[in-house]
Every structure is written in C-alpha cells, then in structure tokens.
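For the single chain, residues carry numbers from 1 onward in sequence order.
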Amino acid sequence: MTDEINSTEITSEPAEYTSSCDTIEYGFDEESWLEGYDAYYKLYRRRRTIGFVVLFLVLALLFVQQVVMDPTYGVGWTCLAICLAIALVYALAPAYEKRNVRRALPAIQNDRYVLKIYPNKITVRTILPEEDSQYLEPDEFGNLKPYPEIPETTIDLTDKTLKTAETDKMFAVYTKYTQCIIPKGNISEEQLERLRKISRA
C-alpha cells in the first residue's frame with residue numbers, strides 16, 4: 001500500500017502522454033469493487049468509527065456507574081440506553097453500507113471506464129452502455145434522449161491526502177471523497193506497473 005490522494009472535475013485534455021500505458025480502458029468486476037470499498041473504509045474511516053464506538057462505550061460505563069449507585073436515576077438509564085444504541089449504530093454501519101454498495105453494483109455492471117494519466121493527475125471517464133434503455137429519458141415531445149454524460153473525475157497526484165491500495169484482484173486510487181477501483185484482470189502488467197509508479201511519484 002502507498003500513501004497520497006485528491007479529486008475534482010475534468011477540464012480540457014492536454015496531449016501529454018508518455019507511453020501507450022497512459023490510456024487504460026477497463027470494465028466492472030464486483031469482487032474488485034467490494035475489495036476496493038473495504039480498502040477505502042480501512043484507509044479513511046475505520047479509525048474514526050472505532051474512536052466513536054469507544055467514546056460512547058466509555059460514556060455508557062459512566063452511566064452504568066451512576067445507575068448502580070442509584071437504580072432510581074431515570075435520566076441515567078435513558079442516557080445509558082442512548083450511548084449503547086449510538087455505539088451499536090457506529091459498529092454496524094460499515095456492514096450496512098457495504099450491503100448497500102453490493103445492492104447498487106448491478107446497475108453499473110455494463111459500464112466501462114477510460115483512465116488517462118498525465119504528469120500530475122489522473123482522469124477517469126465513465127462510458128455508459130448505449131444499448132441499455134435505462135439510460136434514456138423522454139423529452140418534452142416524448143422522444144427518448146440519453147442522460148447527460150457523467151462528469152469526468154480528476155485525481156490530483158500531488159495532493160497530500162492521496163492513498164492507494166492493492167490486492168490480488170484490484171488496484172485502487174482514492175481521495176477522501178473519490179474511489180477509482182481498477183480490476184487487475186482488465187489491465188496488463190505494464191499498465192499496472194505504470195499505475196504503481198505514478199501513484200508513488
């Protein structure tokens with residue numbers, strides 16, 4: 001694993017490629033995306049989640065002490081229940097979110113992505129499947145028209161918050177608010193090495 005990340009929106013497209021590996025097209029792989037979500041959670045959110053769980057469990061222990069000393073202390077019982085409930089919500093949130101991610105993945109299973117590498121940034125463009133009618137909507141005359149294109153994502157390679165993760169199935173580049181997950185089955189070893197190199201630069 002490497003450290004460093006950021007994200008914004010795309011602008012123009014300068015012709016600054018240095019090799020054929022600077023344009024990478026890849027598709028969807030559910031297992032890679034789920035592994036990518038796990039890595040994102042560990043890098044950006046796990047420590048914060050653990051901190052909140054510990055905090056509310058400590059508060060709960062303080063209220064336990066109060067109600068043991070005075071079992072009629074109604075406010076203490078209420079606060080104890082609230083602290084335990086909040087700790088439980090924080091503890092279960094990652095599993096709940098991952099379940100929602102898994103449910104959403106079938107909607108993008110036919111999408112493809114074009115990643116381009118520039119000296120100081122990476123851009124990722126989503127290509128929607130043309131044959132899929134779910135991406136069409138009627139205009140005022142009832143004619144079907146495509147939805148607007150999904151804006152390109154730009155990852156600034158100089159951003160100090162940039163992070164990367166790698167497993168047997170995927171290579172990912174993250175910012176706090178953006179995930180770029182690339183299944184290894186879709187790219188060559190040369191392209192993978194290029195990604196490793198630019199994310200460590």
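- Expressed to the nearest 0.5 Å, how far CG of Asp156 lies from OG1 of Thr123 amounts to 12.5 Å.
- Salt bridge status for Asp168 with Lys184: absent, with no side-chain N to carboxylate O gap under 4.0 Å.
- Under the 30°/60° scheme for interplanar angles, the aromatic rings of Tyr113 and Trp33 are found to be tilted.
- Under the rule for a ring pair (Phe, Tyr, Trp, His ring centres under 6.0 Å), Tyr37 has no partner lying at least two apart in sequence or in another chain.
- Here the CD1-CG distance, from Ile86 to Leu57, works out to 11.0 Å after rounding to the nearest 0.5 Å.
- For the residue pair Asp159 and Thr161, the shortest heavy atom distance occurs at OD1-OG1, 2.5 Å.
- Taking Ile, Leu, Val, Met, Phe, Trp and Tyr as members and joining any whose side-chain heavy atoms lie under 4.5 Å apart, directly or through other members, Leu61 forms no hydrophobic cluster with any other residue.
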**Report entry** Residue pair Asn186, Asp29: steps toward the side-chain contact (heavy atoms from CB on, under 4.5 Å) verdict
**Finding:** CA-CA 9 Å; Asn186 288 195; Asp29 177 75; 5.8 Å; no
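- For the atom pair SG of Cys79 and CG of Leu62, the computed distance is 11.0 Å after rounding to the nearest 0.5 Å.
- Residues passing the side-chain hydrogen bond (donor to acceptor under 3.5 Å, both in side chains) test with Lys98, sequence neighbours excluded: Asp38.
- Val75 belongs to a hydrophobic cluster whose remaining members, ordered by chain and number, are Tyr73; membership requires side-chain heavy atoms of ILVMFWY residues under 4.5 Å apart, directly or through intermediates.
- Arg45 pairs by the salt bridge (charged side-chain N to carboxylate O under 4.0 Å, His left out) definition with Glu97, not counting sequence neighbours.
- Checking side-chain atoms of Ser32 against main-chain N and O of Lys169 turns up a donor-acceptor pair under 3.5 Å.
- Every residue two or more places apart in sequence or in another chain that forms a side-chain contact (heavy atoms from CB on, under 4.5 Å) with Thr78 is listed here: Ile82.
- Annotation: side chain of Leu105 is in contact with side chain of Phe28 (closest heavy-atom distance under 4.5 Å).
- Within the model, atoms CZ of Arg194 and CD1 of Ile187 stand 13.0 Å from one another, a figure rounded to the nearest 0.5 Å.
- What you find for Ala87 and Val53 is that their closest heavy atoms are O-CG2, 3.8 Å.
- Contact between Lys121 and Leu157 at its shortest, heavy atoms only, is N-CD1, 3.6 Å.
- Contact of the Met170 side chain with the Glu31 side chain is not registered, since no non-hydrogen atoms from C-beta on lie closer than 4.5 Å.
- Residues passing the salt bridge (charged side-chain N to carboxylate O under 4.0 Å, His left out) test with Glu193 are Arg196, Arg200, sequence neighbours excluded.
- Counting all heavy atoms, side chain and backbone alike, Thr164 lies closest to Phe171 at CB-CZ, 4.2 Å.
- Clustering ILVMFWY residues whenever any of their side-chain heavy atoms sit less than 4.5 angstrom apart, transitively, puts Tyr41 in a cluster other than the one holding Val173.
- Rounding to the nearest 0.5 angstrom, the gap separating the NZ atom in Lys176 from the CG atom in Leu43 is 13.0 Å.
- Val68 and Leu59 fall within the same hydrophobic cluster, where Ile, Leu, Val, Met, Phe, Trp and Tyr residues are linked whenever their side-chain heavy atoms come under 4.5 Å apart, directly or through other members.
- Residues passing the ring pair (Phe, Tyr, Trp, His ring centres under 6.0 Å) test with Tyr40 are Tyr44, Tyr174, sequence neighbours excluded.
- Residue Ile24 is grouped with residue Leu192 when hydrophobic side chains (ILVMFWY) are merged at heavy-atom distances under 4.5 angstrom, including chains of intermediate members.
- Residues meeting the side-chain hydrogen bond (donor to acceptor under 3.5 Å, both in side chains) test with Asn100, sequence neighbours left out: none.
- With sequence neighbours excluded, no residue satisfies side-chain hydrogen bond (donor to acceptor under 3.5 Å, both in side chains) with Gln66.
- Contact of the Leu195 side chain with the Ile117 side chain is registered, since non-hydrogen atoms from C-beta on lie closer than 4.5 Å.
- Under the side-chain contact (heavy atoms from CB on, under 4.5 Å) criterion, Arg99 pairs with Tyr96, Arg103, sequence neighbours left out.
- Of all heavy-atom pairs between Leu80 and Ala60, the closest is CD1-O, 3.3 Å.
- When every heavy atom of Cys180 is checked against every heavy atom of Tyr26, the shortest pair comes out as SG-OH, 3.7 Å.
- Applying the 4.5 Å side-chain rule to ILVMFWY residues, one finds Ile127 in the same cluster as Val114.
- The distance from atom CD1 of Ile122 to atom CD of Glu152, rounded to the nearest 0.5 Å, is 12.5 Å.
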